[in-house]
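Okay, structure first, notes after.
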Amino acid sequence: MSDYVKILVAIDLSEDSNRILQRARGVASSDTAELHIIHVIEPLSFAYGGDIPMDFSGIQDEIYQQATQQLERFAASNGVDEAHRHIVMGRPEVEIHSHAEELGADLIVVGSHGRHGLALLMGSTANGVLHGAKRDVLAVRVGGQD
Ligand code: AMP
């Protein structure tokens, strides 16, 4: 049996999310271990910066609302109550680390795709989370590639 009593699970709302949550449940110390889920929304301004002179606020609000609804559905169908759901704006690796710190989590669980070529060079959220982690990180293999 593992020692993990407070686990933060990073959820990108893809179809892999169920598997990642199940793996997190599998390594929890017991049924009373706390399981938190986090979804991070990257502001469009991070991607487009000042390159496009456009007001993104309407689109950003829409993205936020849709992600909130999706996370609520995911959490409800997996028995994760409101106090254990976190939805925030920012860079995924930064927010995942800072929430893990805030919560005092002893494990972070992320999905990890086998990457090739350019995607490998560009790195991944799992790499970003692993980098400088102050607690254990479980990278759950997802995506079905070699
Ligand atoms: P990626 O590197 O983007 O393919 O994502 C790999 C894993 O990182 C996902 O399976 C999630 O566990 C986590 N992740 C990626 N993006 C996000 C996000 N926006 N919010 C929370 N977790 C994320």
Side-chain angles (χ1 to χ4, degrees), residues 2-29 31 33-49 51-52 54 56-146:
S2 82
D3 299 328
Y4 299 118
V5 293
K6 202 178 267 193
I7 303 176
L8 180 62
V9 189
I11 295 295
D12 63 2
L13 299 172
S14 70
E15 59 192 16
D16 299 320
S17 304
N18 278 309
R19 175 171 153 71
I20 296 167
L21 188 66
Q22 294 325 313
R23 294 289 286 147
R25 287 220 159 98
V27 297
S29 62
D31 286 351
E34 262 186 57
L35 211 71
H36 291 256
I37 59 174
I38 182 168
H39 177 68
V40 185
I41 301 169
E42 288 195 70
L44 291 171
S45 57
F46 284 5
Y48 300 106
D51 296 345
I52 303 176
M54 224 180 114
F56 289 120
S57 50
I59 308 171
Q60 192 75 72
D61 286 350
E62 182 67 23
I63 292 172
Y64 188 90
Q65 277 169 26
Q66 288 204 10
T68 304
Q69 285 170 10
Q70 280 186 60
L71 190 72
E72 274 170 12
R73 276 199 296 272
F74 174 80
S77 66
N78 285 286
V80 178
D81 67 27
E82 234 177 302
H84 295 82
R85 305 171 194 168
H86 310 272
I87 185 154
V88 289
M89 306 277 300
R91 289 209 183 278
E93 48 272 40
V94 172
E95 295 305 322
I96 291 166
H97 275 310
S98 80
H99 272 70
E101 187 75 39
E102 226 169 86
L103 291 165
D106 44 19
L107 177 71
I108 296 172
V109 181
V110 283
S112 172
H113 295 92
R115 280 189 158 80
H116 303 272
L118 191 59
L120 180 65
L121 287 176
M122 286 167 70
S124 66
T125 308
N127 281 339
V129 170
L130 201 53
H131 193 78
K134 293 188 185 140
R135 62 210 80 240
D136 290 0
V137 176
L138 171 63
V140 178
R141 189 81 159 76
V142 289
Q145 294 177 21
D146 292 335

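Given the structure is predicted, the values throughout are model-derived calculations rather than measurements. Order of listing sets the numbers, starting from 1, for every ligand and every atom in it.
At distances below 3.5 Å, not a single donor-acceptor pair connects side-chain atoms of H84 with backbone N or O atoms of L35. Between the side chain of S112 and the main chain of V140, no donor-acceptor pair closer than 3.5 Å is present. Looking only at distances, no side-chain donor or acceptor of N78 sits under 3.5 Å from a matching main-chain atom of V80. The main-chain N or O of A139 is never found under 3.5 Å from a side-chain atom of R23 such that the two would form a donor-acceptor pair.
Residue pairs that meet the side-chain hydrogen bond (donor to acceptor under 3.5 Å, both in side chains) test with at least one member in residues 85-109, sequence neighbours left out, are H36-H86, E101-R135. Counting only residues at least two apart or in different chains, salt bridge (Lys or Arg N to Asp or Glu O under 4.0 Å) contacts with residues 58-74 are absent.
The N/O atoms of H113, backbone and side chain alike, include one that comes under 3.5 Å of an N/O atom in ligand 1. Where the criterion is an N or O separation shorter than 3.5 Å, residue side chain and backbone included, G111 meets it with respect to ligand 1. At least one N/O-N/O distance between V40 and ligand 1 falls below 3.5 Å. For A10, a nitrogen or oxygen atom sits less than 3.5 Å from a nitrogen or oxygen atom of ligand 1, counting backbone and side chain alike.
I38 counts as a contact of ligand 1, since one of its heavy atoms falls under 4.0 Å from the ligand.
Counting the atoms of ligand 1 from 1 in the order shown, those under 4.0 Å from a heavy atom of V110 are 12 (O). Near H39, meaning under 4.0 Å from any of its heavy atoms, are these atoms of ligand 1: 19 (N), 20 (N), 21 (C). With ligand atoms numbered from 1 in the order given, ligand 1 contributes 2 (O) to contacts under 4.0 Å with heavy atoms of S124.
Nearest heavy atom pair, residue A10 against residue I96, reads CB-CD1, 3.6 Å.
Counting heavy atoms only, I11 comes closest to atom 21 (C) of ligand 1 of the residues L8, T125, I11.
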